[in-house]
Amino acid sequence: MTEINTLTVLQAHQLLKTRKVSSVELTRAFIDRIEKIDPLILAMVTQTPDTALKQADEADRRIAGGDIQPLTGIPVIIKDLICTKGIRTTCSSRMLENFVPPYDATVVERLKAGGMVLLGKSNMDEFAMGSSNENSAFFTTRNPWDLSRVPGGSSGGSAASVAAGEALYSIGTDTGGSIRMPASFCNIVGLKPTYGRVSRYGAVAYASSLDQIGPLTRDVSDAALVLSAIAGFDDKDSTSSINEVPEYIQGLNGDIRGLKIGVPKEYFVTGMQPDVKIVIEAAIKKLEELGAIVDTDVSLPSTPAALAVYYILGPCEASANLARYDGVRYGYSFKNSQNIVEVTEKSRQYGFGPEVKRRVMLGTYALSAGYYDAYYLKAQKVRTLICNEFSRAFEKYDVLVAPTSPGVPFKIGEKIDDPVSMYLTDVCTLPVNIAGIPAVSVPGGFSQGLPVGLQIMARPFDEQTLLNVAYAYEQATQYYKKLAPLAVDQPGNGSNKPG
Ligand code: GLN
């Protein structure tokens with residue numbers, strides 16, 4: 001029997017389908033593992049073992065009745081900004097520390113309909129603002145590859161939990177890189193779908209024109225399976241697309257012969273770690289060996305402006321979205337106030353952490369009279385330039401490849417006092433959100449024994465090609481099979497077999 005820490009969703013599905021293991025057995029094994037491993041990596045804000053076992057039991061009954069879908073009975077951990085009915089959803093913020101949503105996000109509804117087993121909710125940077133998990137109001141998740149390093153962010157808990165074998169997959173969100181960057185830091189697959197591919201209903205809003213939900217998985221086939229399960233039109237999200245959702249896994253054949261790949265040179269930024277560059281160059285060579293036609297002389301000249309555009313538009317949208325936390329309707333409310341103004345002021349003062357406040361202030365400033373034209377409007381215009389450059393590039397190339405991050409996972413505490421150096425870790429992921437296109441980070445290789453992610457970007461709604469290129473690379477290299485030291489079976493490491 002396969003060890004649960006190396007198991008993929010697809011393999012677990014086969015085991016469930018052939019009744020080699022039950023969902024309850026599988027779930028128990030993960031609950032035990034979480035108990036042993038999570039005190040070391042701190043990936044979870046809330047654990048829901050009772051819910052998980054109840055759902056596993058229901059899944060087993062469903063399976064016994066011959067009704068099994070790809071995710072039926074499969075244990076998952078969900079980022080703590082996606083609403084789960086009756087289960088605390090904190091956004092890793094004091095503001096929502098005791099918030100229990102009265103409804104499920106559409107993604108959760110869909111997973112439930114498919115027989116979800118929810119192990120709990122994962123830690124993140126507060127309101128998804130950050131790249132390291134250090135902005136969580138509760139604690140910092142550790143990287144299972146090196147506990148003194150960050151797992152990336154903001155979906156750091158989601159990535160670390162999958163990399164450490166605490167769940168078979170996780171759901172995260174990506175506004176500027178929050179799925180891809182932690183996936184890269186933890187040697188797993190992180191997919192940011194096209195804007196509108198997955199309904200955002202029930203995901204707590206950070207920057208609504210950029211936010212998107214997606215899977216974090218051990219391999220590309222699992223990402224394909226999860227995307228098919230969660231994507232599709234939803235009348236509760238007016239930006240969700242009516243485009244049909246393919247069975248992405250059927251389209252994975254690993255054949256990329258003749259495929260045109262562009263490598264935009266602006267992604268090899270100054271300050272990029274030299275050995276990360278070496279890994280990415282080797283990855284590009286590998287794609288060429290696999291038969292793709294690679295052009296390494298592509299230019300997307302507005303790319304360097306993406307960081308500034310994101311850090312204007314993101315905070316502007318955040319300042320509007322977070323205005324709802326007034327200490328009155330829901331969330332944290334400061335008690336001993338004299339009047340309504342004080343309630344709001346004090347609730348926001350104590351409810352929000354420093355990075356959230358920084359962004360609300362930046363956004364409010366950039367939207368204020370006299371500055372709107374200089375900042376917000378200008379950023380929107382540059383956004384159009386970035387979108388146009390991508391459109392032109394995709395007339396010539398099927399996909400673009402680049403690093404996911406210019407560096408390997410950094411040390412906890414290394415960048416937290418320097419917001420700009422923290423923001424710079426996102427330079428390679430932000431343009432994708434600005435343009436609304438899909439992108440994936442796939443295990444690309446290693447530098448100093450730490451994971452490096454290869455980023456692949458594609459045309460809007462062409463997740464199929466995107467995943468197939470990732471699949472070709474993954475199958476040729478097998479880097480995803482190398483496990484984080486913490487995930488490797490050792491006595492006391494939570495090694496478990498289901499059943
Ligand atoms: N790290 C980026 C930020 O700090 C992106 C966050 C995200 O994608 N949610 O905003």
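By the 4.5 Å heavy-atom criterion applied to side chains, Leu400 and Tyr267 are not counted as neighbours.
Tyr325 is linked by a ring-ring contact (aromatic ring centres under 6.0 Å, His included) to Phe127, Tyr330, counting only residues two or more places apart in sequence or in another chain. Every residue meeting the ring-ring contact (aromatic ring centres under 6.0 Å, His included) condition with Tyr423, not counting sequence neighbours, appears here in chain and number order: Tyr311. Leu367 meets the side-chain contact (heavy atoms from CB on, under 4.5 Å) test with Cys316, Ser319, Tyr372, Tyr376; sequence neighbours excluded. Remark: Glu474 pairs with Val189, Asp219, Val220, Val442, Tyr471, Tyr480 by the side-chain contact (heavy atoms from CB on, under 4.5 Å) rule, at least two apart or across chains.
Ring geometry for Phe185 versus Phe410: interplanar angle over 60°, hence perpendicular rather than tilted (30 to 60°).
Using modelled atom types, one finds no donor on one side chain facing an acceptor on the other under 3.5 Å when comparing Gln273 with Ser447. At a cut-off of 3.5 Å, with distance as the only test, no side-chain donor of Asn133 or Ser136 sits close to an acceptor on the other residue.
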In residues 429-436, what donor-acceptor pairs under 3.5 Å come from side-chain atoms, sequence neighbours left out?
from, atom 1, to, atom 2, distance (Å)
Thr429, OG1, Gly176, O, 2.7
Thr429, OG1, Asp426, O, 3.1
Asn433, OD1, Arg180, NH2, 2.6
Asn433, ND2, Asp174, O, 3.1
Asn433, ND2, Asp174, OD1, 3.0
Asn433, ND2, Thr175, O, 2.9

Ignoring hydrogens and angles, write down the donor-acceptor pairs under 3.5 Å from the side chains of residues 37-45, residues two or more places apart or on other chains.
from, atom 1, to, atom 2, distance (Å)
Asp38, OD1, Ala43, N, 2.9
Asp38, OD2, Met44, N, 3.4

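A side-chain contact (heavy atoms from CB on, under 4.5 Å) with Val401 holds for exactly one of Thr296, Ile284, Ile280; it is Ile284.
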Would you sort out whether Arg200 and Asp237 count as a salt bridge (charged side-chain N to carboxylate O under 4.0 Å, His left out), showing the intermediate values?
-> CA-CA 6 Å; Arg200 289 178 294 115; Asp237 175 1; 3.7 Å; yes

May I have the step-by-step check of side chain to side chain donor-acceptor pair (under 3.5 Å) for Lys79 and Thr173, ending in yes or no?
-> CA-CA 8 Å; Lys79 186 176 186 178; Thr173 61; 2.7 Å; yes

